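It should be emphasised that the depicted structure is a prediction, and the values quoted were computed from it without experimental measurement.
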Amino acid sequence: MTESSERPIAVFDLDNTLADTAHRQHFLRTRPKDWDGFFAAAPADPPLAEGVALAVRSARDCEIVYLTGRPERYRQDTLDWLAAHGLPEGDLHMRGDTDRRPARFTKLATLRQLGRGRAVRFLVDDDELVCDDAERAGFPVVRARWAEQSQALREAQEQEGRT
């Protein structure tokens with residue numbers, strides 16, 4: 001297959017897009033935030049039915065790519081969670097363990113890299129700033145608004161560059 005004939009890419013965020021983080025957000029309300037506890041609890045995340053269904057449907061005609069702000073050291077937990085909940089196989093792009101840039105910067109950089117020579121059908125993400133920046137860069141966006149919004153998670157994504 002040549003690049004122009006490859007299937008388009010559908011890019012999915014994880015936290016509050018495919019995985020419900022409500023049960024572990026209390027780790028973000030402490031001072032200092034308990035990041036180890038927050039990420040260690042991720043394997044117990046219930047799946048978000050609307051996001052999972054969209055990923056499964058999208059896999060019929062798109063290559064699935066997962067793009068998360070989770071640190072690289074949680075790769076195996078994340079892969080196990082995806083498999084356990086019947087999500088389609090796909091490349092997993094994670095944040096470097098010491099990268100603290102806001103998600104809108106890290107994700108947009110990866111999205112641009114993915115889009116070089118490939119069509120990006122859409123990005124699915126719950127982070128409004130990530131979605132805004134992706135749209136401004138010309139990428140189609142599906143805003144994942146099916147999980148309860150959390151101020152603690154929003155601050156973690158944008159101010160502390162952790163998820």
Side-chain angles (χ1 to χ4, degrees), residues 3 6-21 24-25 28 35 38-39 42-43 45 47-147 149-150 153-163:
E3 282 190 281
E6 290 179 347
R7 296 182 333 152
I9 301 169
V11 182
F12 285 83
D13 171 47
L14 294 176
D15 292 337
N16 278 1
T17 298
L18 299 173
D20 187 348
T21 66
R24 58 186 168 107
Q25 289 181 17
L28 302 180
W35 290 106
F38 179 76
F39 289 117
D45 289 355
L48 290 165
E50 192 168 344
V52 170
L54 181 57
V56 170
R57 281 193 315 271
S58 299
R60 294 179 192 147
D61 60 343
C62 293
E63 177 183 329
I64 302 299
V65 173
Y66 300 102
L67 175 57
T68 181
R70 292 180 186 182
E72 181 66 39
R73 67 184 171 275
Y74 295 100
R75 176 172 290 276
Q76 193 57 57
D77 284 347
T78 302
L79 290 170
D80 292 346
W81 187 91
L82 290 166
H85 294 287
L87 282 134
E89 287 186 18
D91 287 341
L92 173 61
H93 295 263
M94 302 183 80
R95 176 191 300 272
D97 285 335
T98 60
D99 188 344
R100 300 289 187 267
R101 292 175 296 155
R104 67 182 193 265
F105 299 127
T106 60
K107 287 185 175 182
L108 187 58
T110 302
L111 194 58
R112 283 184 169 136
Q113 184 179 37
L114 290 169
R116 288 191 185 113
R118 295 288 300 275
V120 175
R121 174 77 47 92
F122 51 72
L123 165 71
V124 185
D125 204 300
D126 69 305
D127 185 326
E128 292 295 328
L129 295 176
V130 169
C131 293
D132 291 346
D133 283 358
E135 285 179 334
R136 277 193 289 273
F139 293 100
V141 170
V142 175
R143 293 174 187 259
R145 293 184 171 143
W146 41 82
Q149 294 300 305
S150 160
L153 184 61
R154 191 169 22 263
E155 288 174 9
Q157 289 169 324
E158 295 310 318
Q159 294 175 7
E160 298 189 32
R162 291 289 189 119
T163 184

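- Ion pair Asp77/Arg70 not flagged as a salt bridge, since none of the NZ, NE, NH1 or NH2 atoms sits closer than 4.0 Å to an Asp/Glu carboxylate oxygen.
- Residues forming a side-chain contact (heavy atoms from CB on, under 4.5 Å) with Ala144 (at least two apart in sequence, or on another chain): Thr17, Val124, Asp126, Trp146.
- Electrostatic pairing of Asp45 and Arg24 counts as a salt bridge here, judged by a charged N lying under 4.0 Å from a carboxylate O.
- Across all non-hydrogen atoms, the minimal contact from Leu54 to Ser58 is O-OG, 2.7 Å.
- In this structure, Tyr66 and Leu18 have side chains that are in contact, with non-hydrogen atoms separated by less than 4.5 Å.
- Taking the six-membered ring where tryptophan is involved, the planes of Phe122 and Phe12 are perpendicular, since the angle between them exceeds 60° and thus also 30°.
- Using a cutoff of 4.0 Å between basic side-chain nitrogens and carboxylate oxygens, Asp127 and Lys107 are not scored as salt-bridged.
- With a 4.5 Å cut-off on side-chain heavy atoms, Asp13 and Val130 do not count as touching.
- Remark: Asp80 pairs with Gln76 by the side-chain contact (heavy atoms from CB on, under 4.5 Å) rule, at least two apart or across chains.
- The heavy-atom pair separating Ala134 from Leu123 by the smallest distance is CB-CD2, 3.8 Å.
- Asn16 places a side-chain heavy atom less than 4.5 Å from the side chain of Gln25.
- Taking a cutoff of 4.0 Å between a charged side-chain nitrogen and a carboxylate oxygen, Glu63 and Arg121 do not qualify as a salt bridge.
- Within the model, atoms CZ of Arg104 and CG of Asp125 stand 13.0 Å from one another, a figure rounded to the nearest 0.5 Å.
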**OP:** Could you go through the salt bridge (Lys or Arg N to Asp or Glu O under 4.0 Å) check for Glu50 and Arg145 one step at a time?
**Re:** CA-CA 10 Å; Glu50 192 168 344; Arg145 293 184 171 143; over 6 Å; no
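- Nearest approach of Pro47 to Val52, heavy atoms of both residues: CB-CG2, 3.9 Å.
- Listed by chain and residue number, nothing satisfies the salt bridge (charged side-chain N to carboxylate O under 4.0 Å, His left out) test with Arg57 (two or more places apart in sequence, or in another chain).
- Note that CG of Leu14 and OH of Tyr74 are 14.5 Å apart. Values are rounded to the nearest 0.5 Å.
- Every residue two or more places apart in sequence or in another chain that forms a salt bridge (charged side-chain N to carboxylate O under 4.0 Å, His left out) with Asp132 is listed here: Arg143.
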Contacts under 3.5 angstrom, residues 85-94 side chains, donor-acceptor by atom type, not counting sequence neighbours:
{"residue": "His85", "atom": "NE2", "partner": "Trp81", "partner atom": "NE1", "Å": "3.2"}

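- When the salt bridge (charged side-chain N to carboxylate O under 4.0 Å, His left out) test is applied to Arg60, no partner is found at least two apart in sequence or on another chain.
- Remark: side-chain polar atoms of Asp97 are paired, donor with acceptor, to backbone N or O of Glu72 under 3.5 angstrom.
- The two residues Cys62 and Ile9 make their nearest non-hydrogen contact at CB-C, 4.5 Å.
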